[in-house]
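In the text below, chain A, chain B and the rest are named by the order of the sequence lines, each starting its count at 1. Just so it is clear, the structure is predicted and the values come from calculations on it, not from any experiment.
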Protein chains: 2
Amino acid sequence: MSLATLLNDNQDSPALAPHDRARLSQLFKRLSERTEMFLGYPVAKDFACQDLSHFLSLPLNNLGDPFAPSTYQVDTREFEREVLEFAARLLRAEEHNWWGYVTNGGSEGNLYGLYLARELFPKAMVYFSEATHYSVSKNLHLLGMPHIMIRAQKSGEIDYEDLRETLRLHRDQVPILFANIGTTMTEGMDDLVKVRQIFKEMAIAESYIHCDAALCGFIAPFLNPRPAFDFADGADRISISGHKFIGSPIPCGLVLAKKRHVERIARSIAYIGNLDTTISGSRNGLTPLILWTAIRRLGEEGFRERVQLSLSLADYACRSLREIGVDAWRNPNALTVVFPSPSAKVRSKWQLASAEGASHLLTLPNVTREQIDHFVADVAAGH
Amino acid sequence: MSLATLLNDNQDSPALAPHDRARLSQLFKRLSERTEMFLGYPVAKDFACQDLSHFLSLPLNNLGDPFAPSTYQVDTREFEREVLEFAARLLRAEEHNWWGYVTNGGSEGNLYGLYLARELFPKAMVYFSEATHYSVSKNLHLLGMPHIMIRAQKSGEIDYEDLRETLRLHRDQVPILFANIGTTMTEGMDDLVKVRQIFKEMAIAESYIHCDAALCGFIAPFLNPRPAFDFADGADRISISGHKFIGSPIPCGLVLAKKRHVERIARSIAYIGNLDTTISGSRNGLTPLILWTAIRRLGEEGFRERVQLSLSLADYACRSLREIGVDAWRNPNALTVVFPSPSAKVRSKWQLASAEGASHLLTLPNVTREQIDHFVADVAAGH
């Protein structure tokens, strides 16, 4: 058979050599095992993508803005819009006054949010707490935005006194607050109502609040009391990860913003017949289907129950560690349990991140009591 | 069965409702049909990802730098490195003096390349031709880099005289050239040897050349004569798309850079036990496997034959259009055939991009003579 024929028919395209197939099998086996030993990263594992694997045969591309027509028609933007609509309701965005898209992950969402803020307020000052994810200072450096780091409380929540005192010295500049809705290490949440109150005290007329809700965007709406974090509480823009609490085999996320902000930086582009409002241009068409599937499978009720289940597991993990004498703690209503870093062997076996002598575990969906018991036994035995 | 049990076992997780399954089936059917009518975008369709679909059950994440150890172990970074090694050989990178990673697509690769250039030469001036993809001025605006647009020849290649004259007026600033190795509309290529020669004439000691080889990075190495575009020809950094000539159901790409440049902007990050040298942080673990599979299936010889086949199809398409009186043309050794825009109906049916009265088709792998005949007949019939 000629190469021309081969290349004209997917079914007969050159096959992988047996050696290469074997390598993929070994990889799959090893990664499956490593997935079992997985408490240290905020990654749900209960996604079910079986219904989607045949989409890997198509050249999917959600080119450009999900709400504008495009000449590229092998896309899943209709499903993407439904994902965004679900999130907009959950995050209490004002009807017809929001916009968003599915991103490649939290960092892109944050970069985009800060870029947007800079375009709106070119001379603004950015404030964020010292508990903020490292990618934020990377993004601020990339964007060339002046910024001040604010102290954090032990919980990871921003220190409002320090924020107030610092704002007082910069009343000539529009403040952009980069708020954490669940910090990386302790899942601390900044309270937007308190922040808005401080802005009011200072008679600040213009401001912008970007919420990094990577982990907690789909958790916080179901907590009681409900944290002050969403559009109704004063957010201008919210970024959420798709591969964390929702769950996805491919890192992804979504951003939502007030529509009128976005229109300010849109540029009409002849080439794709579309508004150039996204960072990426070519965009993943599979991840919107993955998120759509999760949302349709679970619905709001499913997410609510998932949150309850994760909270009770976090409580169980924290109590179990304390019972063997480990000084573990967690914030109220957090899935993150913080404790002094165990031995390097335990950290590596359970893939635990570690900073300044502390490690954490996260009881995301698909973590089991058995895994926690196993982990606690390893810590107790010191290996 | 309780929700707790459901959530602890993938196999039994809440199923999609029949209505939702039907929607996915309809979507798949529609997209498969639209994929057949597909000549206007540079997207190969002969990828074969059947061997990879079970990886959609794992929380893959190639967190951070592909060459540094990471505590997150559900990754495919070993396979990613092999993809990069294959590309580094093809693009004649100096051994042990290159670095790279698999990106989410061409725009990210270009943004990263320009960011790198800015860190190395903060006061530099960026030059690029008017035939450059629109995302580049978006990226330059985001990065706040001063830039000058240079005229392009009809072929899409940069106008060297205009470049020379413009450089002459800015000899006090390090030049950063954003070179196109295959422009979006006509597949024009800038010649790095000519550019380096101009730099030499001006006694320019420090400079930086970023190559956007989105489409042609895996084509140009197999052309005769070989275009002057790679590391041996003077590139400092090259960005290539994975979903264009190589083929992938998910937009992706790869960047390669001289290693010593990258080390300048690396920041050591405690959180992930890794160097923060990528833009994204969390990174797709599936796309490296897709690229790896393509490379292992085809090998260098397969890519060479693929290029020949695509070129002969481009020649066939160009001749067929001219035979019915359409003023079609293509650059030497280009897969892109340019012609006056046909009717809106034809443009929409065949998903043709269009700018300034011109459209183009691209004979990427999996385009057939039958499709071209069909398209030419549509143009001839005016519908």
Closest heavy-atom contact between A/H243 and B/S282? NE2-OG, 3.5 Å
Which of the residues A/L286, A/L24, A/V43 is involved in the greatest number of heavy-atom pairs with chain B at under 4.5 angstrom? A/L24
Greatest number of heavy atom pairs closer than 4.5 Å to chain A - which of B/L52, B/L31, B/D75: B/L31
When the 4.5 angstrom heavy-atom criterion is applied to B/S32 and chain A, the contacting part is both
Based on non-hydrogen pairs under 4.5 Å, which of A/R34, A/R21, A/Q73 is most in contact with chain B? A/Q73
Checking B/L289 against chain A: side chain, backbone, both or neither under 4.5 Å from a heavy atom? side chain
Most heavy-atom pairs under 4.5 angstrom with chain B, which of A/I250, A/N284, A/D20? A/D20
Please identify each residue that fulfils ring pair (Phe, Tyr, Trp, His ring centres under 6.0 Å) with B/H54, with sequence neighbours left out. A/F28
Could you tell me which non-hydrogen atom of B/F79 sits nearest to which non-hydrogen atom of A/R23, and how far apart they are? CZ-NH2, 3.7 Å
Highest number of heavy-atom pairs under 4.5 Å with chain A among B/E33, B/R347, B/E82 belongs to B/E82
Ranked by heavy-atom pairs below 4.5 Å to chain B, first place among A/C49, A/S53, A/P59 goes to A/P59
Hey, what do you get for NE2 (A/H141) to CD (B/E119), rounding to the nearest 0.5 Å? 3.5 Å
Selection from A/G144, A/S25, A/P249, A/G247 maximising heavy-atom pairs under 4.5 Å formed with chain B: A/P249
Can you name the ring pair (Phe, Tyr, Trp, His ring centres under 6.0 Å) partners of A/F245, sequence neighbours left out? none
CG (A/L58) and CZ (B/F47) are apart, to the nearest 0.5 Å, by 6.5 Å
Is B/V74 close to chain A through its backbone or its side chain, or both, or neither, when contacts mean heavy atoms under 4.5 Å? both
Between the CD atom in B/E78 and the CZ atom in A/R30, the distance rounded to the nearest 0.5 Å is 6.5 Å
Approximate separation, where rounding is to 0.5 Å, of B/D51 CG and A/L56 CG: 11.5 Å
Taking all heavy atoms of B/L60 and all of A/P251, pick out the closest pair and write down the distance. O-CD, 3.8 Å
